[in-house]
Number of protein chains: 2
Amino acid sequence: MNTDYFTIGKLAKDTDTKVVTIRYYESIGLLPAPLRTGHNYRLYNCDHFKRLSFIRRCRSLGFPLSQIREIIALTDQPDEDCQKVDKIARGHLDIIESKIQDLTQLASELRQKITACQGGTIAQCCILKNLLKQNTTPIKSAS
Amino acid sequence: MNTDYFTIGKLAKDTDTKVVTIRYYESIGLLPAPLRTGHNYRLYNCDHFKRLSFIRRCRSLGFPLSQIREIIALTDQPDEDCQKVDKIARGHLDIIESKIQDLTQLASELRQKITACQGGTIAQCCILKNLLKQNTTPIKSAS
DNA sequence: ATGCAGTCTATAGTTACTATAGGGTCAAGC
DNA sequence: GCTTGACCCTATAGTAACTATAGACTGCAT
């Protein structure tokens, strides 16, 4: 049982989140609006802390807010099948994995262009030549 | 020598770029404004095609528009040292490589959470438990 | 009483586009 | 000549997930 209340600054520090970000999450309905003091300061409790920690953990795993929202909604239906969570997580993993592939491909192309360059003036630059070389004229009046 | 002119639609098709994107590049000064017909249609030439192809190739390598702008500015100074281009490209490669590392780490964490889950109800879901477990209370009145 | 850190709201900026509304133009077919 | 559909125009707003700024109030310590 914990009935402590704390300000937005403390919540920000304890969850390693910027103050503005917390207010942003409230504005988009991701974090419930807390009580206010007589002078309109936000007063958070333990539940807010838990919720925000969860959001931040999901964010650090790369989940978009839209999916975090879905997951949170699911936690309100404890008797539903867990497959939905699983599906979201797997879908997200797929996206991450394909991003890794894309970036790996991209890195190797770029590395190749860079190592090909022996220096010199801009006019001689192999990186630029390489980037400029293909397709120097549009397709002739076809279509 | 090529004095052909073509519409935005043809340029879009030949560079695999959306029409709106081309107008957007013009609006931010990345692609020079072309001539116009009597009825205000844009008329592009070969130079526009080359420039846009270059932009798209850089984009497909993940360069942000700001860096593409820098690189293009450099091509106007053919006698400068090529090191500047090299620096931009290497800096970009570093970023890509560190992104790959982050994502790889992230994918393995997520994969672990997913494979730990044996199904069941939301209440029993290991993925959720795992995401919720740490830090359930803020740091007590410290600081 | 003063100063500084913390809080408040509201608005605009970021990146690289995409979407939409509301309109004009061009070429082909009838 | 008229219609139809594809193409073009501008201007504005929306996207994701914040960040930055302005202008004002509060709380606490000296």
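Order of the sequence lines sets the chain letters (A, B, ...), proteins ahead of strands, with each chain counted from 1.
Look at Ser66(A) and you won't find any side-chain N or O under 4.0 angstrom from OP1 or OP2 of dA16(D). At the phosphate of dT18(C), OP1 or OP2 sits under 4.0 Å from a side-chain N or O atom of Thr21(B). Look at Lys18(B) and you'll find a side-chain N or O under 4.0 angstrom from OP1 or OP2 of dT18(C). Proximity of Arg42(A) to the phosphate of dG6(C): no side-chain N or O atom is located under 4.0 Å from OP1 or OP2. Taking side-chain N and O atoms only, His39(A) has a distance below 4.0 Å to OP1 or OP2 of dG27(D). The side chain of Tyr41(B) contributes no N or O atom lying less than 4.0 Å from OP1 or OP2 of dC26(C). The side chain of Arg36(B) contributes an N or O atom lying less than 4.0 Å from OP1 or OP2 of dT10(D).
Hydrophobic clustering (side-chain heavy atoms under 4.5 Å, transitive across Ile, Leu, Val, Met, Phe, Trp, Tyr) groups Leu61(A) together with Ile88(A). Note on Tyr41(A) and Ile22(A): separate hydrophobic clusters, where clusters join Ile, Leu, Val, Met, Phe, Trp and Tyr whose side-chain heavy atoms are under 4.5 Å apart, directly or indirectly.
In this structure, the nucleotide among dT18(C), dC17(C), dC18(D) sitting nearest to the side chain of Arg59(B) is dC17(C).
Residue Arg23(B) contributes atom CZ, which lies 13 Å from atom C1' of dA21(C) at whole-angstrom precision. For the pair Asn40(B) CG and dT25(C) P, the interatomic distance rounds to 10 Å; values are reported in whole Å. As rounded to whole Å, 11 Å separates atom P of dA17(D) from atom CZ of Arg56(A). Separating the CZ atom of Arg69(A) from the C1' atom of dA16(D) is a distance of 12 Å, rounded to the nearest angstrom. Straight-line distance from the OH atom of Tyr44(B) to the P atom of dC9(D): 7 Å, rounded to whole Å. One atom, OH of Tyr24(A), and another, C1' of dA16(D), lie 6 Å apart when rounded to the nearest Å. Separating the CD1 atom of Ile55(A) from the P atom of dA17(D) is a distance of 12 Å, rounded to the nearest angstrom. Atom-to-atom, CD1 of Ile22(B) to C1' of dA16(C) comes out at 15 Å; the value is rounded to the nearest Å.
Nucleic acid contact for Ile28(B): none, since no nucleic acid atom lies under 4.0 Å from a heavy atom of the residue.
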Decide side chain to side chain contact (heavy atoms under 4.5 Å, CB included) for Asp47(A) and Lys50(A); before the verdict, give the C-alpha distance in whole Å, the side-chain angles of both, and the deciding distance to 0.1 Å. CA-CA 5 Å; Asp47(A) 288 338; Lys50(A) 285 180 202 165; 4.1 Å; yes
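Along DNA chain C, the nucleotide nearest to Pro64(B) and the one nearest to Thr37(B) differ in position, and the one closer to the 5' end is contacted by Pro64(B).
Side-chain contact between Arg69(A) and Leu65(A) is absent, with no heavy atoms from C-beta onward closer than 4.5 Å.
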